[in-house]
Amino acid sequence: MNNINQILFPYVVQAVSKTFSVELTEQSIQFQDTRKEFEGDTTLVVFPITKFVKQGPEQLGNAIGDYLVQHCSVVKEYNVVKGFLNLVIEDTYWLDAFQTMLKVQHWGREEENSRPRIMVEYSSPNTNKPLHLGHLRNNFLGYSVAEILKAAGHKVTKVQIINDRGIHICKSMYAWQASGKNDTPESTGLKGDKLVGQYYVAFDQQYKAEIAELIQNGMTKEEAESNAPSMLAAQDMLRKWEDGDEAVTKLWKMMNQWVYAGFDVTYRNMGVDFDKLYFESETYLKGKEEVEKGLSKGVFFKKDDGSTWIDLTNEGLDEKAVLRKDGTAMYITQDIGTAILRFEDFPDTAAQIYTVGNEQEYHFKVLFKILSKLGWSQSDACHHLSYGMVELPEGKMKSREGTVVDADDLMDSMKDESKLMAEEQGKLDGLTTEEKDLTYHKIGMAALKYFLLRVDPKKNMMFNPQESIDFNGNTGPFIQYGYVRTQAILRKANWNKGGDMVLNGEVKMGGEERNLIKLLFAYPQFLSEAVKKYDPSVMAAFAYELTKAFNVFYQHCNILREENVDIKTFRLNLTSLTGQCIQSSMSLLGIQMPEKM
RNA sequence: GGCUCCGUAGUUCAAUGGAUAGAAUAAGCGUUUCCUAAACGUUUGAUAUGGGUUCGAUUCCCGUCGGAGCUACCA
């Protein structure tokens with residue numbers, strides 16, 4: 001409910017109480033924004049009230065409207081269409097609201113650190129494969145939700161779990177060693193993650209070939225899969241790694257370094273960062289400990305074969321294994337360890353948000369239940385920020401079929417495209433090469449980030465490499481362009497931010513200005529909805545609506561050419577605040593604004 | 001088999017149970033002697049299907065059809 005509706009609420013209650021002697025419940029008073037084809041700023045839906053008052057909707061609407069115009073000073077006039085009471089609010093109300101917004105330091109945002117700490121986990125890629133399109137959605141989402149929570153006043157810690165342990169790492173290590181080539185990122189000129197990824201693929205190919213051969217020699221598929229020499233060698237490596245074998249550990253460290261160095265480049269390009277990293281190689285033992293503790297408390301139980309389980313059948317879930325019969329840790333074991341370690345590292349953490357694909361919804365249900373049974377009450381507030389897949393026209397991305405869209409390549413091509421377009425327009429003449437380059441980057445990333453974030457996170461989305469990313473319409477660059485316009489005007493006016501706002505009552509607002517003020521005033525409502533739903537697309541929609549409203553205003557109202565000084569000042573202030581809010585809301589999506597484009 | 005999610009213009013996305021289902025793009029037409037036309041205006045075009053609840057259903061419930069995912073001592 002926005003501010004104006006909060007003001008109106010008691011008057012509506014009064015109106016019904018005084019005219020009909022009926023006390024309304026809170027639920028029966030429903031406001032919504034007035035549709036633009038009708039006159040008004042806000043609309044009371046009358047239907048729910050007809051249940052309490054025996055009157056036709058139109059009659060009732062008129063009665064309430066009359067009362068509001070007489071008793072509530074902000075209501076200027078009203079009209080009733082069917083069961084909808086459209087209320088026109090006085091201009092002075094909006095002008096006052098505008099003044100209030102100008103006085104606030106960062107309009108729309110809450111005071112920093114005024115709300116409890118929330119930990120946001122995102123990214124957490126497999127170290128064997130370079131980052132791809134799906135990771136981009138993950139990273140942009142996680143980063144954006146963290147920024148949104150911050151803007152809403154939360155302390156935020158951005159974390160990532162590095163999956164640097166397990167058989168998959170050993171596969172690449174084995175393949176690298178077996179090739180005997182001693183390739184390094186330096187010797188090949190490849191990014192470290194790309195190089196290691198190649199060896200992971202090489203392993204897979206060799207493994208497949210071995211299986212085929214073994215099957216031909218009479219083995220069943222299952223036998224072949226577990227007896228292929230390369231797999232045996234990788235498993236042997238894993239054992240050695242767990243025993244702390246020096247040579248294996250050294251190789252593991254070296255190859256992990258390569259991957260991280262490669263990822264760092266990609267992260268910098270993406271514009272995301274982390275406050276703290278957790279390494280699976282360091283937390284899985286913690287997980288085992290916590291499971292042992294839970295076992296003695298009776299949270300878990302052992303089966304005859306020695307494996308450890310939890311029974312969640314009473315919670316509507318299944319039994320779930322948490323330790324193998326040989327006592328080794330599983331995926332969920334290390335997640336338990338990591339979660340608890342984080343609660344211990346940051347005792348003021350109210351909740352953890354996990355940005356992980358929706359195929360793991362079951363996993364997180366189980367994890368949160370386990371944490372709760374282990375006595376971590378914060379787990380009730382924990383949230384799996386589940387997002388849908390990014391699909392290609394040919395279906396799912398499959399590395400085997402070469403349909404993986406590489407994150408680095410995609411970001412580069414976005415930048416190239418924005419460069420092409422900018423050069424065609426020639427509006428960046430006069431900037432240095434570095435400035436131009438930065439601008440291309442900002443525009444390309446805006447197109448990509450906005451494309452991935454404007455969609456409801458939980459839904460699968462379609463990405464067509466050839467057609468999807470646009471620079472016109474409902475896109476990042478469109479919004480950037482709106483911002484650039486605001487800045488161009490302010491530059492020409494020699495506008496100092498926070499310059500004196502001299503508004504006298506004579507200022508007559510047009511519909512364009514009014515709409516802009518209404519939207520700006522709604523910023524906090526959009527933000528709180530984005531927080532509630534952990535949904536950046538809410539902010540994307542806000543930035544887009546705001547930019548559209550500004551463009552209409554720009555098209556229809558003179559700003560610099562306005563002769564009346566009061567109106568000109570008013571419009572410059574409006575331009576300034578709009579620019580500020582566009583920048584602010586887009587920064588919540590991790591999108592930066594260029595000064596020119 | 002069981003469970004979860006999804007199905008909206010040609011296409012990509014919107015819509016706390018509310019008004020004539022919004023945008024963008026594509027296609028057509030128009031706007032620049034004037035603050036950046038990556039803009040603005042305008043025309044055409046959609047709720048998979050059958051029931052139910054409701055004053056009112058894209059939204060909630062049930063069935064059918066279609067798509068995705070989960071249901072590992074994998075991660």
Side-chain angles (χ1 to χ4, degrees), chain A residues 1 30-32 34-38 43 45-48 50-51 56-57 81-84 86 126 128 163 165-168 280 303 305-309 316-318 320-328 330-335 357-363 365 386 388-389 391 393 395-396 418 421-422 424-425 427 443 447 451 454-456 458-464 467-475 477-482 484-493 529 532 537 540-541 544-545 547-548 550-552 554-562 571-572 575 596-597:
Chain A
M1 191 184 283
Q30 290 178 23
F31 286 101
Q32 63 186 45
T34 305
R35 291 211 156 203
K36 59 178 170 230
E37 58 267 37
F38 301 105
T43 295
V45 185
V46 183
F47 295 108
T50 57
K51 283 181 187 149
V81 181
K82 295 182 189 169
F84 299 90
N86 301 319
N126 183 316
N128 266 311
N163 302 296
R165 182 191 82 92
I167 187 74
H168 56 288
E280 189 188 333
K303 287 201 174 175
D305 64 3
S307 54
T308 308
W309 294 70
L317 303 170
D318 284 326
K320 172 77 188 171
V322 290
L323 283 180
R324 297 194 189 90
K325 63 184 167 206
D326 61 4
T328 53
M330 304 172 62
Y331 179 57
I332 190 134
T333 322
Q334 70 89 11
D335 261 1
N358 60 12
E359 71 276 7
Q360 294 199 32
E361 268 166 19
Y362 184 75
H363 171 82
K365 265 188 204 161
S386 164
M389 246 184 319
E391 287 164 343
K396 232 179 135 172
S418 74
M421 200 170 256
E424 204 175 294
Q425 311 244 5
K427 291 179 189 167
I443 297 171
F451 179 82
R454 59 179 267 241
V455 180
D456 183 346
K458 67 172 189 286
K459 288 191 178 170
N460 287 359
M461 66 185 295
M462 176 61 66
F463 179 83
N464 184 333
E467 297 170 8
S468 276
I469 303 258
D470 226 318
F471 290 76
N472 302 317
N474 187 357
T475 67
F478 170 90
I479 296 168
Q480 287 178 318
Y481 185 72
V484 165
R485 274 180 159 174
T486 63
Q487 300 312 293
I489 289 169
L490 297 175
R491 262 199 308 275
K492 288 203 173 160
E529 198 195 337
K532 202 169 99 194
S537 73
Y544 178 59
E545 289 302 320
T547 305
K548 268 209 298 192
F550 177 76
N551 279 338
V552 172
Y554 175 93
Q555 208 78 26
H556 293 94
C557 304
N558 289 331
I559 302 168
L560 293 176
R561 288 188 302 265
E562 173 59 46
R571 288 181 179 167
L572 277 169
T575 303
K596 292 185 176 177
M597 69 187 280

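Below, chains carry the letters A, B, ... as their sequence lines are ordered, and counting in each starts from 1. Atom set for the values below is all heavy atoms of this structure, side chains included, hydrogens, waters and symmetry mates excluded.
The C1' atoms of B/C29 and B/A46 are separated by 23 Å, rounded to the nearest whole Å. Atom P of B/U32 sits at a distance of 38 Å from the matching atom of B/A19, rounded to the whole Å. Rounded to whole Å, the C1' atom of B/G22 lies 34 Å from the corresponding atom of B/C3. B/U58 and B/G18 are spaced 12 Å apart, taking the C1' atom of each and rounding to whole Å. The C1' atoms of B/A14 and B/G50 are separated by 27 Å, rounded to the nearest whole Å. Nucleotides B/C6 and B/G45, compared at atom C1', are 24 Å apart to the nearest Å. Of the P atoms belonging to B/C61 and B/U53, the separation is 16 Å, rounded to the nearest Å.
If you check every strand for non-hydrogen atoms under 4.0 Å, A/Arg485 touches sugar and phosphate atoms only. Using a 4.0 Å heavy-atom criterion, one finds that A/Val484 contacts the bases of the nucleic acid, with or without backbone contacts as well. A/Ala321 comes within 4.0 angstrom of the backbone, heavy atoms only, and of no base. As judged by a 4.0 angstrom heavy-atom cut-off over every strand, A/Lys82 is placed among residues touching the sugar-phosphate backbone only. Contacts of A/Asp456 with the nucleic acid, taken as non-hydrogen atoms under 4.0 Å apart, involve only primed sugar atoms and P, OP1 or OP2. Among the heavy atoms of the strands lying under 4.0 Å from A/Pro48 is at least one base atom, whether or not backbone atoms are also near. Here A/Lys36 lies in heavy-atom contact (under 4.0 Å) with sugar-phosphate atoms only. Among the heavy atoms of the strands lying under 4.0 Å from A/Gln32 is at least one base atom, whether or not backbone atoms are also near. A/Thr575 comes within 4.0 angstrom of nothing in the nucleic acid, heavy atoms only. When heavy atoms are screened at a 4.0 angstrom cut-off, A/Glu467 is found touching no nucleic acid atom at all. Counting any heavy atom pair closer than 4.0 Å across all strands shown, A/Glu529 reaches no nucleic acid atom. Among the protein residues, A/Phe47 comes within range of the nucleic acid bases, having at least one heavy atom under 4.0 Å from a base atom. A/Lys303 comes within 4.0 angstrom of no nucleic acid atom, judged by non-hydrogen atoms across all strands. Backbone-only engagement by A/Lys459 is indicated by non-hydrogen atom pairs under 4.0 Å involving sugar-phosphate atoms exclusively.
The shortest distance between the side-chain N/O atoms of A/Lys396 and the OP1/OP2 oxygens of B/G69 is below 4.0 Å. When the side-chain nitrogen and oxygen atoms of A/Tyr331 are compared with OP1 and OP2 of B/A72, none of them lie within a distance under 4.0 Å.
Across every non-hydrogen atom of A/Asp318 and A/Tyr362, the tightest pair is N-OH, 3.2 Å.
Nucleotide B/U32 carries a syn base; the chi torsion (O4'-C1'-N9-C4 or O4'-C1'-N1-C2) is within 90° of 0.
Stacking of the aromatic ring of A/Phe38 onto the base of B/A19 is found: the ring centres lie under 5.5 Å apart and the planes are inclined by under 30°. Remark: ring of A/Phe84 does not overlap the six-membered base ring of B/G18 in a stacked fashion, as centroids less than 5.5 Å apart with planes less than 30° apart are not both met.
Judged by atom type and distance alone, A/Thr43 reaches the base of B/A19 through a side-chain donor-acceptor pair under 3.5 Å.
Between A/Tyr544 and A/Phe478, the gap from one ring centroid to the other is short of 6.0 Å.
Within a 6.0 Å radius of CD in A/Glu424, other residues, nucleotides and ligands contribute 12 heavy atoms or fewer. Heavy-atom contacts from other residues, nucleotides or ligands closer than 6.0 Å to NZ of A/Lys325 number 12 or fewer.
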**Q.** Dot-bracket pairing map - RNA chain B, Watson-Crick plus G-U, both contacts under 3.5 Å, | cross-strand
**A.** (((((((..((((....[...)))).(((((.......)))))....(((((..]....))))))))))))....
